[in-house]
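Quick note: numbers below take in every heavy atom, side chains included, and nothing from hydrogens, waters or symmetry partners. Numbering starts at 1 and runs along the sequence shown.
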Amino acid sequence: MFVEMEQTWSVLRKDGIKNVVIFVGDAVRYQSIGERLFNYGPTFKTIAASLHTPASFASMLTGQNVPEHGVTEFSNVLPDNILSLVDLDDWNTYFSAKKGTMHEDLHRIFQMSESAYLTDAEEPFIWVVRDPGGHAPYDGYDPDTYEQISETGPDYLNRVAGDKKHIKRDYNKSIESSLNRFEEAIKCISDRGIQDETLLIYTSDHGELIGEYGMLGHNHVACPELVYVPTTFVHPSLNSGEVSTSIRHIDLFPTLTELLGVDNCGEMVSGYPIWEGGNSIGYNHFKMVFYNSKLLSDVATEVRSCWDGDGGHVFVNSSYSDAALVYIGIMVKSYKGKQIRSDKAFIESFKQFLPGHQIHGIPNFDRETAEDFITDVNNRAMSARSIEISQETKDRLDDLGYM
């Protein structure tokens, strides 16, 4: 059942929101959610800004497309002249105190040291958590620390690759565990007695492939299973259900700053408050990065795509030699190669990496419109500062599945 939102948002804007909880379940794809998430509140199909965590977080928290803030990898730092939600002066801003493998990178990218458990966040606050969500190893994280319990992401996927029923079962269980933790956050806010002045949001940084195109994970070319993620808003005044319109990661920042009464943010962002509608086309930008691979360290592949709720145009900027090198690397040493061989999806998977134009679904705009949109976004591109990340960090990213 679809819900319409115009009157609901007008009520919410009058409710005096002081606190925001942004609960980001890693790698939760829209196609794998169900009624449970719809029942929490209005749920939107959302166009992710990237297929890579650092880029998507930077877009969610700034309202800018990836080229505009320049963060494309874990070694980047958000430029000092770009305002993010964790920079707002009149709010106490925190990342979750659950360190594990999830939050060290956010502190570095946003140059923000404050962390807290939700029970300890002092009002007014903005509290952001990167939850394991649907990230491999599926349902393999300690819920109290977010540490991997017994195996790394690649170890898990190497073990289960080729068994899509097993993978799908584990992935769905992982999503359920993430929603259990989100329910704990909802209960925490209720127990504190601040539910009327607190807006909770459940969303994801990108989706996940669980066998489509013969592939696993999310370090891949843009496709619906990776681009579409859910965004659910939870507040006593909001009706529950699936919303008929789609939104974008970049719409979160202007939506929240307007709800919080923050002035003078309009010129700094590309998104729109959700109730204004704005542009229905969402931009996704993915730069393939191989943090711990000398063989693939010089590969230059960027995927730029435009989407609405019905489909998208994808443009792979690469060379045939780089595409072949990435594919060979995947086939030789990756769990993805094991899955491809099991499915005999050699042609289907290789085609995804080839340079050129691909189309998914039935987008309500043509290729020329998409190309013009991409050109416009990239004309505003800037470079983020990069810092050297330690070998320990590279190894940890390897454990999460980033080659």
Side-chain angles (χ1 to χ4, degrees), residues 1-13 15 17 20-49 56 60 118 128-135 138-139 168-190 195-196 198-208 210 212 224-252 255-256 259 273-275 277 280 282 307-311 361:
M1 177 180 176
F2 287 107
V3 295
E4 299 302 331
M5 295 298 300
E6 184 174 352
Q7 288 185 332
T8 306
W9 286 123
S10 65
V11 171
L12 184 60
R13 281 179 284 176
D15 275 348
I17 298 298
V20 176
V21 171
I22 304 175
F23 193 105
V24 183
D26 203 307
V28 177
R29 59 194 221 163
Y30 191 80
Q31 293 84 350
S32 293
I33 64 168
E35 291 299 322
R36 183 178 177 188
L37 191 54
F38 298 155
N39 288 338
Y40 294 144
T43 301
F44 295 79
K45 177 188 281 188
T46 303
I47 299 163
S56 286
M60 283 188 280
L118 185 54
V128 182
V129 57
R130 181 188 175 198
D131 180 81
H135 199 294
Y138 303 143
D139 205 34
K168 184 175 181 180
R169 182 182 68 242
D170 286 355
Y171 180 76
N172 289 337
K173 184 179 178 183
S174 189
I175 303 304
E176 288 299 306
S177 295
S178 179
L179 294 181
N180 289 342
R181 293 187 289 271
F182 183 55
E183 283 189 355
E184 290 173 4
I186 297 173
K187 184 176 184 301
C188 175
I189 294 301
S190 178
Q195 61 269 30
D196 289 337
T198 304
L199 178 66
L200 296 99
I201 300 168
Y202 185 95
T203 189
S204 184
D205 48 357
H206 50 70
E208 184 85 343
I210 51 176
E212 295 84 3
E225 296 83 359
L226 295 180
V227 170
Y228 294 137
V229 300
T231 301
T232 300
F233 296 86
V234 180
H235 186 270
S237 68
L238 294 177
N239 297 322
S240 62
E242 186 178 15
V243 184
S244 58
T245 56
S246 61
I247 62 172
R248 307 165 298 174
H249 269 166
I250 60 173
D251 296 326
L252 290 177
T255 297
L256 294 174
L259 283 174
I274 291 171
W275 48 84
S280 63
W307 301 79
D308 62 14
D310 296 316

If only atom types and distance count, is the side chain of [X] paired as donor or acceptor with the main-chain N or O of [Y] below 3.5 Å?
{"X": "Ser240", "Y": "Pro42", "value": "no"}
{"X": "Thr46", "Y": "Ile247", "value": "no"}
{"X": "Thr198", "Y": "Asp196", "value": "no"}
{"X": "Gln31", "Y": "Gly207", "value": "no"}

I need the [X] [atom1] to [Y] [atom2] distance, nearest 0.5 Å.
{"X": "His235", "Y": "Gln195", "atom1": "NE2", "atom2": "CD", "answer": "8.5 Å"}
{"X": "Leu200", "Y": "Thr232", "atom1": "CG", "atom2": "OG1", "answer": "11.0 Å"}
{"X": "His249", "Y": "Ser204", "atom1": "NE2", "atom2": "OG", "answer": "6.5 Å"}
{"X": "Tyr30", "Y": "Phe44", "atom1": "OH", "atom2": "CZ", "answer": "10.0 Å"}
{"X": "Ile210", "Y": "Lys168", "atom1": "CD1", "atom2": "NZ", "answer": "6.0 Å"}
{"X": "Tyr40", "Y": "Glu35", "atom1": "OH", "atom2": "CD", "answer": "12.0 Å"}

Does the side chain to side chain donor-acceptor pair (under 3.5 Å) test come out yes or no for Asp308 and Ser280, once each step is laid out?
-> CA-CA 6 Å; Asp308 62 14; Ser280 63; 5.5 Å; no
Any heavy-atom pair between the side chains of [Y] and [X] that's under 4.5 Å?
{"X": "Val28", "Y": "Val229", "result": "no"}
{"X": "Asn172", "Y": "Tyr138", "result": "no"}
{"X": "Met60", "Y": "Ile22", "result": "no"}
{"X": "Asp26", "Y": "Asp205", "result": "yes"}
{"X": "Leu199", "Y": "Leu238", "result": "yes"}

Begin from the C-alpha positions of Arg181 and Ser177 and carry the test side chain to side chain contact (heavy atoms under 4.5 Å, CB included) through to its verdict.
-> CA-CA 6 Å; Arg181 293 187 289 271; Ser177 295; 3.8 Å; yes
When you look at Asp310 and Lys45, which way does the side chain to side chain contact (heavy atoms under 4.5 Å, CB included) test go after all the steps?
-> CA-CA 10 Å; Asp310 296 316; Lys45 177 188 281 188; 5.7 Å; no
Single hit among Ile201, Leu37, Thr255 for side-chain contact (heavy atoms from CB on, under 4.5 Å) with Thr231 | Ile201
Please test His206 against Leu226 for side chain to side chain contact (heavy atoms under 4.5 Å, CB included), starting from the C-alpha separation and ending with a verdict.
-> CA-CA 6 Å; His206 50 70; Leu226 295 180; 5.7 Å; no
Aromatic ring pairing Phe23/Tyr202, orientation class (parallel under 30°, perpendicular over 60°, tilted between) =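 Rings of Phe23 and Tyr202: parallel, as their planes differ by under 30°.
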Taking Arg29 as the fixed residue, which of Glu208, Glu212, Glu225 is the one that meets the side chain to side chain donor-acceptor pair (under 3.5 Å) rule?
->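 The single option meeting the side chain to side chain donor-acceptor pair (under 3.5 Å) with Arg29 is Glu212.
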